[in-house]
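FYI, side chains are in, hydrogens and waters are out, and symmetry mates aren't considered; it's all heavy atoms of this structure. Sequence positions, counted from 1, serve as the residue numbers for this chain.
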Amino acid sequence: MFRKVSLALAATLIMAGAAWADPIEGDWKTQAGDTAAIAGGGTFSITLKSGKYAGKTIGSLKAAGDNKYAGNITDPANDKTYSGKATLSGASLKMSGCVLGGLICKSQTWHKL
């Protein structure tokens, strides 16, 4: 009896741990077709896992409420860092990087793997 209760409790805790993970965490397919991993707790780090720039960290975001995130995004091709933001909608993540206070922005949509 005790063993069954222990197994049920362990399974519940494992499932709850997965539910506590932030939905932005995980692997994402970029618009270019590469894979990026987003991981972290209070601050989320974005690292490319595949493609020409695999292993390169390209961003740092913090939760800004209502499935929105803000921070910095780095273009791996030229190493320039921009003010970045992301909006999560289901299995899609709209990423934007801006300069000049948001006057000039580039966006792309990533999809959860």
Side-chain angles (χ1 to χ4, degrees):
M1 171 79 171
F2 178 73
R3 186 176 183 178
K4 287 181 183 179
V5 171
S6 296
L7 289 174
L9 180 60
T12 301
L13 290 174
I14 289 169
M15 289 172 50
W20 288 331
D22 198 290
I24 196 172
E25 291 181 300
D27 291 337
W28 295 85
K29 180 162 293 267
T30 69
Q31 199 163 299
D34 299 330
T35 301
I38 300 178
T43 300
F44 299 96
S45 174
I46 307 167
T47 304
L48 292 174
K49 291 178 66 174
S50 69
K52 184 177 180 179
Y53 302 103
K56 195 170 209 175
T57 299
I58 61 163
S60 175
L61 300 169
K62 287 188 178 187
D66 277 345
N67 292 326
K68 295 181 190 280
Y69 300 82
N72 296 310
I73 305 290
T74 300
D75 183 340
N78 61 19
D79 286 327
K80 289 186 180 180
T81 300
Y82 303 94
S83 173
K85 62 183 179 178
T87 304
L88 184 64
S89 178
S92 295
L93 184 66
K94 184 176 179 184
M95 304 284 290
S96 300
C98 302
V99 295
L100 300 174
L103 189 60
I104 301 171
C105 298
K106 286 188 178 181
S107 298
Q108 54 177 267
T109 302
W110 295 3
H111 299 282
K112 189 107 182 209
L113 295 177

Participant: Scan residues 50-60 for pairs that pass salt bridge (Lys or Arg N to Asp or Glu O under 4.0 Å), counting only residues two or more places apart or in two chains.
Facilitator: K56-D79
Participant: Can you see which heavy atom on M95 is nearest to which on A86, and at what distance?
Facilitator: SD-CB, 3.6 Å
Participant: If you take all heavy atoms of L61 and G71, which pair is closest and at what distance?
Facilitator: CD2-N, 3.7 Å
Participant: Any idea which heavy atoms bring I24 and L88 closest together, and the distance?
Facilitator: N-CD2, 4.0 Å
Participant: Got a sec, which pairs hit side chain to side chain donor-acceptor pair (under 3.5 Å) with one end in residues 26-43, sequence neighbours left out?
Facilitator: D27-K49
Participant: Test of understanding: with side chain to side chain contact (heavy atoms under 4.5 Å, CB included), list the residues that count as partners of L100, not counting sequence neighbours.
Facilitator: L103, I104
Participant: Stepwise, does the side chain to side chain contact (heavy atoms under 4.5 Å, CB included) test hold for I46 with T74?
Facilitator: CA-CA 10 Å; I46 307 167; T74 300; over 6 Å; no
Participant: Scan residues 61-113 for pairs that pass ring-ring contact (aromatic ring centres under 6.0 Å, His included), counting only residues two or more places apart or in two chains.
Facilitator: F44-Y69
Participant: Does N78 reach the main-chain N or O of K80 with its side chain, forming a donor-acceptor pair under 3.5 Å?
Facilitator: yes
Participant: Please name all residues satisfying side chain to side chain contact (heavy atoms under 4.5 Å, CB included) with S107, sequence neighbours left out, ordered by chain then number.
Facilitator: K94, S96
Participant: Tell me the closest heavy-atom pair linking I73 and G84, and the distance in Å.
Facilitator: CG1-CA, 3.6 Å
Participant: Donor-acceptor check, side chain of E25 to backbone of G40, threshold 3.5 angstrom: yes or no?
Facilitator: yes
Participant: Filter on disulfide bond (SG atoms under 2.5 Å apart), then keep only pairs touching residues 65-113, sequence neighbours left out; what's left?
Facilitator: C98-C105
Participant: Working to the nearest 0.5 Å, report the span between CG of D66 and OG1 of T87.
Facilitator: 10.0 Å
Participant: Enter the distance from K85:NZ to N72:CG here, rounded to the nearest 0.5 Å.
Facilitator: 14.0 Å
